[in-house]
Amino acid sequence: MPVAGRKFELSLRADLSELERMEDWVRHVVERLELRDEVRQSVLLCLVEAVTNVIVHGGESPSNKGIALSIEGLKDVVTARVTDHARPFDPLSYVPSPAPTNLEQAPIGGNGIRFIRHFATALSYKRRGNQNCLTLSFQV
Amino acid sequence: MKFTVEQLSSEVTKVDLDGPLDSKGTGAIDVQFADVANAKKSVVVDLSKVNFVASIGIRTLLIAAKAVQMKGRKLALLSPVPSVENALRVSGIADLIPIFVSLDAAIDAVAP
């Protein structure tokens, strides 16, 4: 039975060098929440992809400074939130390119949003002031 | 991430990956993987000890497969664990790079 009623938070710089620290933190949190393996993998994968997208595609404006993460264990669900100051981006309205039909023409990349949509149970996005707020839920 | 290379024959190389294909894992193997992929041999990548793959790991596998194909050879994936295989299928890479559960079948598929 997962642990409910606990919330964990982390602040990151919008820099790829922060990914490793974030991955270690997510692994620690999902272990503390005693989630089953499948949910652990989904939480880790979706947060890696969401944060990578912010860093890589969020633009190099001075405002793209920091990313706030939280993971909260509730009774039947784990909720993860990603809040950033990057340019507006709604992953729910983004249309991924069609799956490639041959190796030669397959694009390198483009799987982040596909993974988030597939592995999160529910998603919501809001633009609040100059912040993107992405909430991902995972059935436990 | 551990990266082990085994020459199965003069034509086929086997790569064993051990660890997560996340940002740290892929960063540790990208150069070695590029060397193998550009060696004009077919490649079997054993994923049985890879417990996690993110899109950056998919990218590494795709770049290697493209490089091997450009040399006129083939790359196949071997025995991914269910969660990794699921990610490979969601990404679409499973439709582009063959996946086998048997090493013999993988070798037969990639050998010239």
Side-chain angles (χ1 to χ4, degrees), chain A residues 12-28 30-31 35-57 91 94 96-120 138, chain B residues 1 19-30 33-34 37 42-43 45 47 50-77 80-99 109-110:
Chain A
L12 298 169
R13 289 177 292 110
D15 190 298
L16 287 173
S17 66
E18 290 277 74
L19 280 178
E20 194 176 322
R21 183 164 74 94
M22 186 211 69
E23 290 164 1
D24 289 344
W25 176 79
V26 175
R27 287 189 174 96
H28 170 73
V30 296
E31 188 175 330
L35 303 175
R36 56 191 167 88
D37 272 353
E38 184 183 347
V39 182
R40 290 184 188 200
Q41 298 266 352
S42 294
V43 173
L44 176 59
L45 181 56
C46 289
L47 284 178
V48 165
E49 303 303 345
V51 170
T52 301
N53 275 345
V54 172
I55 296 171
V56 173
H57 303 297
Y94 176 79
S97 55
T101 55
N102 65 70
L103 185 58
E104 193 173 24
Q105 295 177 347
I108 303 294
N111 285 305
I113 301 294
R114 194 172 280 127
F115 281 163
I116 289 171
R117 288 181 177 175
H118 183 87
F119 289 102
F138 303 86
Chain B
M1 168 65 77
L21 273 172
D22 54 9
S23 58
K24 183 180 179 182
T26 54
I29 65 168
D30 272 346
F33 218 151
S42 290
V43 180
V45 182
L47 295 175
V50 172
N51 53 13
F52 176 79
V53 62
S55 63
I56 194 168
I58 301 286
R59 174 190 174 93
T60 293
L61 295 174
L62 200 49
I63 288 172
K66 282 174 176 272
V68 170
Q69 181 173 267
M70 285 184 69
K71 301 288 183 184
R73 302 302 172 106
K74 295 176 183 173
L75 182 145
L77 304 176
V81 300
S83 61
V84 169
E85 182 168 1
N86 193 22
L88 296 172
R89 297 204 178 283
V90 171
S91 73
I93 195 175
D95 297 324
L96 307 176
I97 305 174
I99 299 174
V110 301

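Just so we're on the same page: letters track the sequence lines, and every chain starts at 1.
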Of the listed B:Leu62, B:Val90, B:Ile93, the one with the largest count of heavy-atom pairs under 4.5 Å with chain A is B:Val90
Bottom line for A:Leu44: the part with an atom under 4.5 Å from chain B's heavy atoms is both
With chain A, the option among B:Gly92, B:Gly27, B:Ala87 that has the most non-hydrogen atom pairs under 4.5 Å is B:Ala87
Segment of B:Ile63 engaging chain A (4.5 angstrom heavy-atom cut-off): both
I'd like to verify something: which residue of A:Leu45, A:Leu19, A:Val48 has the highest number of heavy-atom pairs under 4.5 Å with chain B? A:Leu45
With 3.5 angstrom as the limit, list the donor-acceptor pairs from chain B to chain A, or say none if there aren't any.
from: B:Asp22; atom 1: OD2; to: A:Arg27; atom 2: NH1; distance (Å): 3.4
from: B:Asp22; atom 1: OD2; to: A:Arg27; atom 2: NH2; distance (Å): 3.0
from: B:Ser23; atom 1: N; to: A:Glu23; atom 2: OE2; distance (Å): 3.3
from: B:Ser23; atom 1: OG; to: A:Glu23; atom 2: OE1; distance (Å): 3.2
from: B:Ser23; atom 1: OG; to: A:Glu23; atom 2: OE2; distance (Å): 2.8
from: B:Asn51; atom 1: O; to: A:Gln41; atom 2: NE2; distance (Å): 2.8
from: B:Ser55; atom 1: N; to: A:Glu49; atom 2: OE2; distance (Å): 2.6
from: B:Ser55; atom 1: OG; to: A:Glu49; atom 2: OE1; distance (Å): 2.5
from: B:Ser55; atom 1: OG; to: A:Glu49; atom 2: OE2; distance (Å): 3.1
from: B:Lys66; atom 1: NZ; to: A:Leu103; atom 2: O; distance (Å): 3.0
from: B:Lys66; atom 1: NZ; to: A:Glu104; atom 2: O; distance (Å): 3.0
from: B:Lys66; atom 1: NZ; to: A:Ala106; atom 2: O; distance (Å): 2.7

Tell me, side chain or backbone of B:Pro82 under 4.5 Å from chain A's heavy atoms, or both, or neither? neither
Which atom of A:Leu103 lies closest to which atom of B:Ala65, heavy atoms considered: CD2-O, 3.7 Å
First locate atom CD1 of B:Ile56, then atom CD1 of A:Ile108, and finally report the distance between them rounded to the nearest 0.5 Å. 12.0 Å
